[in-house]
Amino acid sequence: MVKCCCVYKCRNVCNSEARAKGVSFFRFPKDKRKRRAWTNAVNRDKWTPNEHSWICSDHFVEGWHGDDPGDENYAPTLFSYKKKRTEDDFDREQRRLDRETIRERLCSEKVNMEREKAHLEFSVLVHGSYCKIDDSGDHDQDIAAAVPCAYHEITDDVDVPIMTCDSGVQCEEDPLLIENRHLKKEVRRLQEELRKHKWGAERIRDDDAMTRFYTGLPSFAIFLWLYNYLSSKCSRMTYWRGEGQTSSSDRLRMSPSCLRPIDQLFAVLMRLKVGLYVQDISERFQISSASFSMYFSTWISLIHAELKFLNPFPSKDIIMRTMPESFKAKYPSTRVIIDCTELFIQSSSSLINQSLTFSSYKHHTTVKFLVGISPSGVITFVSDAWPGKTSDRQLTEECGLLELLEPNDSVMADKGFTIADLLEKRQCFLNIPPFRGTSGQFSTDEVFKTQEIAQLRIHVERSIGRVKNYHILEGTIPLTMVHFITKIFQVCCWLTNLDYPLVDGKKLSTDESNNSSDVVGVQL
């Protein structure tokens, strides 16, 4: 059956034209109060909505309906044949809704009281078969006196044993009530067991070791800080449902999700850090795979947008104030230390794409990133994903890093970055290990310079190593994730900036010195 709007003089029909305009269609709600509000707003004579009755989004402010009776979107308000409602009209409608709420509550309380009274009378009647009756009194009068007295004294005939207040009647506890109480205990036990099997942020509460393992963040306090920073944005977040099916309007999300926002963030960070499959995470959090895919795509975009704002390219003043002593002594003008890294991706069926992404260095189809860190070890620049065939020089020239440098800055890199001429055009300098050239061996000064640069440049490799600890980047990335690989890699890089400092700030540790010596040996 074709969906069409039931409002008078509205010609909207659910077709391609309506979808192009962004018109949605809503079925009448099942909630009696909200359904009555919608029916009164439509105001059609002798008409009752059925399961095939629809209202289009043109009759709601911002194109969506809310669940709050005080919200103007609680019922349709925009009608072409009606005059615009004033503030007095809304106040009058609110007062009417309040009166209906009070009337419904009173009726419900009255029904409950009558039901409890009938239940109590039935329980007392059932007790008659095993009650000890005092022969000195009238049996009918005893029961009649017991019923109102028990009704006033007992508020819950399930958890409290029913005993009559008359001295002539002494009853035992109802067997049905005993069975009911046992069943309630069993339900509570099963609910508690279900909560233990269902995953959530409670799994890592106040446990920094588990937080680091599942999220990559150093402590649970950092996890809560990240969630609190994102919570105000995620309340207005529109979940990604595919091209052409996702609304672009900025509205408050009223439809409840089956997973709390903090648990959604925890699931997304688990996917990044531990690298679990979608089906595995769906089973842990008891949601469908499609729902988690929707959460993951949406949260990655949100985290990327917010962390990008928190991680700009730092100014020269910040670099100088945070520069370790090991850099100030030899290379005080260093602005950024750069290196490239590659990730394996699934081979495409297109021969052209295979040719562009095949890396002669990795002997596999890859995507390449340029990563830059400050002398203090903070990742300050991450390029977009480039095909694996791209050279280090081309990537550095076109990724936008050179435009961020200022005159008299110096860049530290490996021998593969032959970009000295590009830096000279911007009055900058390049610090790389010296080449041996035609000579048989390095001179003493060249050996010491190689060792000095290697000891300082090793931090960029350690920083990239931190990023590679996010296991979603391991193995071969499927083509279904390639369109998100730039956001995923950059989010992993910026999350490592929330970890403990990479560089001591004053001197190298023993392990770093040993690693640097190994690197020097390889380069020599």
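Hydrogens, waters and symmetry mates play no part in the numbers below; they use all other heavy atoms, side chains included.
A donor atom on one side chain and an acceptor atom on the other are not found under 3.5 Å apart for Asp208 and Thr211. Under the 3.5 Å distance criterion, with hydrogens and angles disregarded, no donor-acceptor pair is assigned to the side chains of Lys3 and His52. Inspection of the Arg115 and Asn112 side chains reveals an N or O donor paired with an N or O acceptor under 3.5 Å. A donor atom on one side chain and an acceptor atom on the other are found under 3.5 Å apart for Ser374 and Ser376. There is a side-chain donor-acceptor pair under 3.5 Å between Glu342 and Ser359. Between Tyr239 and Gln264, the side chains place a donor N or O and an acceptor N or O closer than 3.5 Å (distance only, hydrogens not considered). Side-chain atoms of Ser289 and Gln279 form a donor-acceptor pair, as typed in the model, at a separation below 3.5 Å.
Cation-pi check for Arg203 over Trp199 is met; the charged atom lies under 6.0 angstrom from the ring centroid and within 45 degrees of its normal. A cation-pi arrangement is absent between Lys362 and Phe358, since the terminal nitrogen or guanidinium carbon is not both under 6.0 Å from the aromatic centre and inside a 45° cone about the axis. In this structure, Lys368 forms no cation-pi arrangement with Trp386, as its terminal cationic atom is not both closer than 6.0 Å to the ring centre and no more than 45° off the ring axis.
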* Decide yes or no on side chain to side chain contact (heavy atoms under 4.5 Å, CB included) for Leu190 and Glu193, but give the supporting numbers first. => CA-CA 5 Å; Leu190 293 175; Glu193 185 176 351; 4.1 Å; yes
* Take Phe292 and Phe285 through the test ring-ring contact (aromatic ring centres under 6.0 Å, His included) and record every step on the way to the result. => CA-CA 9 Å; Phe292 176 72; Phe285 288 86; 7.6 Å; no
* Passes ring-ring contact (aromatic ring centres under 6.0 Å, His included), Phe28 versus Trp38? Steps please. -> CA-CA 7 Å; Phe28 271 70; Trp38 284 31; 5.6 Å; yes
* Asked: How far apart are the C-alpha atoms of Arg35 and Asp31, what are their side-chain angles, what is the distance that settles it, and do they pass the salt bridge (Lys or Arg N to Asp or Glu O under 4.0 Å) test?
  -> CA-CA 6 Å; Arg35 188 183 185 91; Asp31 181 70; over 6 Å; no
* Begin with the C-alpha distance, continue with both residues' side-chain angles, and end with the deciding distance and a verdict on side chain to side chain contact (heavy atoms under 4.5 Å, CB included) for Leu265 and Phe223. => CA-CA 9 Å; Leu265 175 61; Phe223 173 78; 4.2 Å; yes
* To do: Decide yes or no on side chain to side chain contact (heavy atoms under 4.5 Å, CB included) for Ser297 and Phe484, but give the supporting numbers first.
  => CA-CA 8 Å; Ser297 302; Phe484 266 124; 3.7 Å; yes
* Criterion ring-ring contact (aromatic ring centres under 6.0 Å, His included) on Phe266 and Trp299, from CA distance to verdict -> CA-CA 10 Å; Phe266 178 48; Trp299 275 91; over 10 Å; no
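Looking at Arg27, its side chain does come within 3.5 Å of a backbone N or O of Glu51 through a donor-acceptor pair. Checking side-chain atoms of Thr496 against main-chain N and O of Cys493 turns up a donor-acceptor pair under 3.5 Å. Although no hydrogens or angles enter the test, the distance criterion places a donor-acceptor pair under 3.5 Å between the side chain of Thr390 and the main chain of Pro387. Under a 3.5 Å cut-off, the side chain of Asn228 and the backbone N or O of Leu224 do form a donor-acceptor pair. Put simply, the side chain of Asn50 gets close to the backbone of Ser53: a donor and an acceptor are under 3.5 Å apart. With hydrogens and angles disregarded, a donor-acceptor distance shorter than 3.5 Å links the side chain of Ser57 to the backbone of Ser24.
The number of heavy-atom neighbours closer than 6.0 Å to CZ of Arg205, taken from other residues, nucleotides and ligands shown, is 12 or below. Summarising the local packing, CG of Leu106 is surrounded by more than 12 heavy atoms from other residues, nucleotides or ligands at distances under 6.0 Å. Within 6.0 Å of atom NZ in Lys21, 12 or fewer heavy atoms from other residues, nucleotides or ligands are found, so the atom counts as exposed in its surroundings. Enclosure of atom OH in Tyr8 is not indicated, since only 12 or fewer non-hydrogen atoms of other residues, nucleotides or ligands lie within 6.0 angstrom. For NZ of Lys316, the number of neighbouring non-hydrogen atoms (other residues, nucleotides, ligands) closer than 6.0 Å is greater than 12.
Summarising the geometry, atom CZ belonging to Arg181 is positioned 12.0 Å from atom CG belonging to Leu176; distances are rounded to the nearest 0.5 Å. Remark: Tyr470 OH to Leu272 CG distance equals 7.5 Å, nearest 0.5 Å. Interatomic distance, Thr380 OG1 to Ile319 CD1, rounded to the nearest 0.5 Å: 6.0 Å. Summarising the geometry, atom OG1 belonging to Thr357 is positioned 10.0 Å from atom NZ belonging to Lys389; distances are rounded to the nearest 0.5 Å. Between Leu473 atom CG and Lys468 atom NZ the span is 7.5 Å, to the nearest 0.5 Å. Residue Cys56 holds its SG atom at 4.0 Å from CG of Asn12, rounded to the nearest 0.5 Å.
Under the 6.0 Å cut-off for aromatic ring centres, His59 and Phe79 qualify, their centroids lying closer than that.
Using a cutoff of 4.0 Å between basic side-chain nitrogens and carboxylate oxygens, Lys117 and Glu114 are not scored as salt-bridged. Taking 4.0 Å as the cut-off between side-chain N and carboxylate O, Asp263 and Arg260 count as a salt-bridged pair. A salt bridge is defined here as a Lys NZ or Arg NE, NH1 or NH2 lying under 4.0 Å from an Asp or Glu carboxylate O, and Glu192 with Arg189 fails to meet this definition.
Annotation for Val411 and Leu405: closest pair CG2-CD1, 3.7 Å, computed over non-hydrogen atoms. Shortest non-hydrogen contact noted between Leu502 and His459 is CD2-O, 3.5 Å. Across all non-hydrogen atoms, the minimal contact from Met270 to Leu276 is CE-CD1, 3.6 Å.
When side chains are defined from C-beta on, His304 counts as touching Gln490, because their heavy atoms get closer than 4.5 Å. With a 4.5 Å cut-off on side-chain heavy atoms, Ile345 and Thr366 do not count as touching. Put simply, the side chain of Phe220 does not reach to within 4.5 Å of the side chain of Asp207, judged on heavy atoms. Arg335 places a side-chain heavy atom less than 4.5 Å from the side chain of Glu406. Ile204 is not listed as a side-chain neighbour of Phe213, based on a closest heavy-atom distance of 4.5 Å or more. In this structure the side chain of Trp47 reaches within 4.5 angstrom of the side chain of Val42, judged on heavy atoms. In this structure the side chain of Trp225 reaches within 4.5 angstrom of the side chain of Leu498, judged on heavy atoms. Residues Gln94 and Asp91 are not in side-chain contact: their nearest non-hydrogen atoms beyond the backbone lie 4.5 Å or more apart.
Using a 30° and 60° split on the angle between ring planes, Trp64 and Phe26 fall in the perpendicular class, above 60°.
For Glu179, there are no side chain to side chain donor-acceptor pair (under 3.5 Å) partners two or more places apart in sequence or in a different chain.
Checked options Val467, Leu269, Ile379, Ile222; the residue passing with Leu495 is Leu269 (criterion: side chain to side chain contact (heavy atoms under 4.5 Å, CB included)). Tested against Asp499, the residues Arg212, Lys273, Arg462 include a single salt bridge (charged side-chain N to carboxylate O under 4.0 Å, His left out) partner, Arg212. When each of Arg105, Lys34, Arg33, Arg36 is tested with Glu100 by the rule salt bridge (charged side-chain N to carboxylate O under 4.0 Å, His left out), just one qualifies, namely Arg36.
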